[in-house]
A.B. asks: 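The structure that follows is given in the form of structure tokens.
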Amino acid sequence: MKQIIQQLTSSEHILLASHSNPDGDAIGALLALGLSLEKLDRHVTLHNESSIPEVYRFLPSVQRIQKQITTPAQFDTAVILDCGSLSRVGSAAEAIGAIPVIINIDHHTTNKRFGQHHLVDVDACATSEIVYRLIKAMGLEIDPAIATAIYTGILTDTGSFRFSNTNQAAFAICEAMVVAGVKPSAVAQYVYGTYSLGRIKLLNLALDSIEVSNNGYLSIMTVTREMLAETGTQPEDADGLINYARRIRDVKVAALIHELENGAVDDGGRKSFHVSLRSDGSVDVSRIATTFGGGGHAGAAGFSVESRLSDLKQTIYNLSDGFGEPCRVN
Ligand SMILES: [Mn+2]
């Protein structure tokens, strides 16, 4: 932490970046640290290669996040947030990798410890928790804009304080953020309260796609490009839908197969997919994701793959053989 503060305070122009297809933590941590470093009169550029999901566009200064990095040579330091590996930032990874000093701030168990400085705490509920500690260690004031970013990061990464990463710090920091000016009901309304009609229709198709393995331990939900086109929705509208597949009784692991934009990769019917995995806590899905070249947390992980859809489903079903007996409470 000391070395990182030293590095940040002596940098002229700092690039901050978080993972593509960002969630609330990736955006919250990016904004919170970026706005804080500006209080130290640092020149700061915020980068995320993806469009910001509509539910996070209420966050103060969110419009300052740039999709492209025009002149990477101008940065002396890069801070990479909520990324297990540098490649998670997306297409700018190579350009960012050439920035002289890289600071890696993250909480994923699969973090590869890239960069010269690491602030990796796998027990943190969110990267926003670590960013909060860093801001406090720098002695900076947390204004309502920064507080809202941190609060949103922790709220969303803990699934509204429901997931197994929900720790004491989640409550303690969120309380402090409310004292600093966050309006919990307003944030909840932005993040969870409003679905477009298209998203409701997508939910309908996604629920209808759910299949469960013979032993009942694994569910698969599929979201295709066709479903998005039919409902007029964007890929981020599928965020969170996997939780419905996870809630089915006896299901230990839910997989959301998401067909990616680039479509067919060859004429044998193979396509690009992203697979999100969610666990009930009895299966470490980050280990599964790692075997497919992905990563994440014990309870939530993911990987990308090129496959035929039917082959991919079979591969995922085969995983459920190792999940053991269901433990039903009732
Ligand atoms: Mn996170």
Side-chain angles (χ1 to χ4, degrees), residues 16-34 36 46-50 52-53 55-56 59 62 65 78-90 103-115 118-135 146-174 177 187 191-192 236 238-240 242-243 246 256 274-279 281 284-286 289-290 294-304:
L16 288 92
S18 57
H19 62 78
S20 60
N21 302 314
D23 52 21
D25 189 31
I27 299 165
L30 184 63
L31 290 171
L33 187 57
S36 296
L46 306 178
H47 169 70
N48 192 289
E49 73 162 14
S50 307
I52 303 301
V55 294
Y56 301 122
L59 287 167
V62 73
I65 301 174
V79 183
I80 311 301
L81 297 151
D82 207 36
C83 292
S85 63
L86 184 55
S87 63
R88 293 281 288 118
V89 298
I103 300 171
N104 165 2
I105 302 179
D106 186 35
H107 69 130
H108 290 90
T109 50
T110 50
N111 188 284
K112 295 209 164 71
R113 306 301 197 271
F114 62 89
H118 318 140
L119 198 53
V120 177
D121 181 356
V122 300
D123 294 322
C125 63
T127 298
S128 297
E129 175 188 334
I130 306 171
V131 163
Y132 167 83
R133 287 189 228 144
L134 181 58
I135 294 169
I146 295 167
T148 303
I150 292 171
Y151 181 92
T152 302
I154 293 176
L155 179 74
T156 55
D157 244 31
T158 59
S160 306
F161 311 108
R162 287 175 299 160
F163 299 157
S164 58
N165 59 331
T166 306
N167 55 11
Q168 275 190 17
F171 293 102
I173 297 169
C174 284
M177 297 304 94
V187 173
V191 175
Y192 302 116
E236 73 244 26
D239 288 355
I242 189 176
N243 291 316
R246 232 289 298 133
L256 171 67
H274 183 80
V275 179
S276 303
L277 300 168
R278 295 291 181 277
S279 161
D284 179 352
V285 288
S286 76
T290 302
H297 309 284
F303 62 92
S304 293

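Start at 1 and go down the list; that is how both ligands and their atoms are numbered. FYI, side chains are in, hydrogens and waters are out, and symmetry mates aren't considered; it's all heavy atoms of this structure.
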A.B. asks: By atom name, which N, O or S atom belonging to Asp157 lies closest to the Mn ion (ligand 1)?
C.D. replies: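 Within Asp157, restricted to N, O or S, the Mn ion (ligand 1) is closest to atom OD2.
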A.B. asks: Could you state the interatomic distance from CG (Asn165) to NE2 (His297), rounded to the nearest 0.5 Å?
C.D. replies: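 Separation between the atoms: 7.0 Å.
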A.B. asks: Checking one value in my table: which N/O/S atom of His107 lies closest to the Mn ion (ligand 1)?
C.D. replies: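 Closest N, O or S atom of His107 to the Mn ion (ligand 1): NE2.
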A.B. asks: Whether the His107 and Asp82 side chains hold a donor-acceptor pair (N or O, under 3.5 Å, no angle test) is what I'd like checked.
C.D. replies: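 Looking only at side-chain atoms, Asp82 and His107 do form a donor-acceptor pair, the distance falling under 3.5 Å.
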A.B. asks: Mind reading off the angle at the Mn ion (ligand 1) between the OD2 atom of Asp25 and the OD1 atom of Asp82, rounded to 10°?
C.D. replies: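 Answer comes to 90°, rounded to 10°.
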A.B. asks: Under 30°, 30 to 60°, or over 60°: which ring-plane class applies to Phe161 and Phe171, parallel, tilted or perpendicular?
C.D. replies: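 Parallel, since the angle between the ring planes stays under 30°.
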A.B. asks: If I take atom CG from residue Asn104 and atom CG from residue Leu119, how far apart are they, to the nearest 0.5 angstrom?
C.D. replies: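 The CG atom of Asn104 sits 8.5 Å away from the CG atom of Leu119.
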